[in-house]
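One structure below.
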Number of protein chains: 2
Amino acid sequence: MDDPFADPTDTREAILGAAFRVLRDHGCADLTIERIGEAFDKSPSLVYHHYDGKDELLVDLLEFLLDGFESTVSEESFDLPPRARLDAYVTAMTDPTDADGEHAPGGRFLIVIVQLRAQAAVDDAYRDHFDRSDRVFGEFLERSVRDAAADRDVDDGHDVDDDEAHRRDPAAVAATIQTLATGAMFRWATTADRGWVDGVRSEIDRYLSATLPMVDPDA
Amino acid sequence: MDDPFADPTDTREAILGAAFRVLRDHGCADLTIERIGEAFDKSPSLVYHHYDGKDELLVDLLEFLLDGFESTVSEESFDLPPRARLDAYVTAMTDPTDADGEHAPGGRFLIVIVQLRAQAAVDDAYRDHFDRSDRVFGEFLERSVRDAAADRDVDDGHDVDDDEAHRRDPAAVAATIQTLATGAMFRWATTADRGWVDGVRSEIDRYLSATLPMVDPDA
DNA sequence: GCGTGTTGAATAAATGTTCAATCAAGACCG
DNA sequence: CGGTCTTGATTGAACATTTATTCAACACGC
């Protein structure tokens, strides 16, 4: 979904959609109430009928987007095998254009997330949301890593390497994937070069294949 | 380097330093000429004596910071062995606090980079700079990966695994490290949680140790 | 005095915000 | 059914504040 607000149910949602498009096309510096008005062809004053001010609006937009993103990734991935869940997460963050058509987060969607997340560097209200969001995805990924490791156990029919020195912490592996994906999103949104995408994706693939068998699901 | 503008040599640099601090403490939304004036205790009008306007100022700041960052990383790393160069790069982007001991939170420097880089998502002038910057670091990392692989060759006294299927593309490995480090920087600047840092660092370490021997330096 | 750095005041435009008035649709009542 | 009342959406004008920008004047070392 290049635009998660294609058919707003609500005026409130229409306003959020307008703010989204302005942020996507012009960035936070040019985000004005007037431009939001233009963007959905209504008067700027209407915004104040639904929101107390710009701040409240933006925080609401942030909540809306993160909630949507969280439920998209976790629900859509619910019936996938764990290793495929990891791949799906990486795909969603790495090359959002060719994700499965309809409801996948379009690339420009990530631009808005990046804009808002950059604000989190200097604004506590924003940072809280991304702290929560990162925690949610981190737990999702850690669970997937454990499950994938457990699957591998069963497949191979033997236990993981019991050599203490080779054991991998599932939380560390999950955090690595999450950091990699966050970096991919950031690079994707902020540079024109796409030459690195394929290489990184295949390295992630090899990393997971090499690492998951060494993860202790019960660590 | 909490503040790369500790002792400005000329007024122009003092202005850049002021812009830097405003960006670091308030973000791009509140970046006004007046606030820049406050930040170095001079009149806002003075800015116009040195710059044509806000845009030119910010682009100049961006150039200054990226040039400085590039020369810092590459010069400081010049006499290190290649594997240590990789580690130094990762450290600089991952946990800037303990970079060179002296000053506590050097990390806030990265906040400014993140602010400016987020702008690159919607502004071509900014994007060009980060494209170049990513290219510079990418080449630096790729060279280091090749050199590290070559070192390993000599150490072990035998050639890399000749099995085509196991060969790793040095460019892909470098891009992975770069993406990981960029993600670490972004997460570091935009969330309060630091729980992931140690795990990611040790995973990077293991990844490099496992992967570098499989890189073909002449690929 | 002259050029460079610096300032404060002045201006025009942009922006956030308020508000009284209009409009459409539905609820309530005769 | 016809009229009115209510409610919420919507608007345009008005206002105060902020912001970018200009400019004439001032300071001060050479």
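Order of the sequence lines fixes the chain letters, A, B, ..., with proteins taken first and strands second; residue numbering starts at 1 for each chain. This one's a predicted model, so the numbers in the text were calculated from it and none came from an experiment.
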Going through the checks in order, is the salt bridge (charged side-chain N to carboxylate O under 4.0 Å, His left out) test met by A/R83 and A/D205? CA-CA 10 Å; A/R83 171 62 196 264; A/D205 209 56; 2.9 Å; yes
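The two atoms that bring A/F130 and B/T190 nearest to each other are CB-O, 4.3 Å, heavy atoms only.
A close approach under 4.0 Å does occur between a side-chain nitrogen or oxygen of A/T11 and OP1 or OP2 of D/dT10.
Counting to the nearest Å, the P atom of D/dT19 and the CG atom of B/L57 are 16 Å from each other. Here the C1' atom of nucleotide D/dT19 and the CG atom of B/D55 are 14 Å apart, to the nearest Å. Look at NE2 on B/H49: it is 8 Å from P on C/dT4, rounded to the nearest Å. C/dG16 atom P lies 8 Å from atom CG of A/L31, rounded to whole Å. In this structure, A/I33 places its CD1 atom 17 Å from C1' of D/dG12, rounding to the nearest Å. Atom pair B/D30:CG and D/dT17:P shows a separation of 18 Å (rounding to whole Å applied). Straight-line distance from the OH atom of B/Y51 to the P atom of C/dG5: 13 Å, rounded to whole Å. When rounded to the nearest whole Å, the span between CG of B/L46 and P of C/dT6 equals 5 Å.
For B/S43, the listed nucleotide lying nearest its side chain is C/dT7; candidates were D/dT10, C/dT7, D/dA20. In this structure, the nucleotide among C/dT6, C/dG16, D/dT22 sitting nearest to the side chain of A/Y48 is C/dG16.
Residue-level contact check: B/S45 touches the bases, meaning some heavy atom is under 4.0 Å from a base atom.
A distance of 6.0 Å or more separates the ring centres of A/F64 and A/F20.
The residue among A/D52 and A/R35 whose nearest nucleotide of DNA chain C is located toward the 5' end is A/R35.
With salt bridges taken as basic N to acidic carboxylate O contacts below 4.0 Å, none links B/D25 and B/R35.
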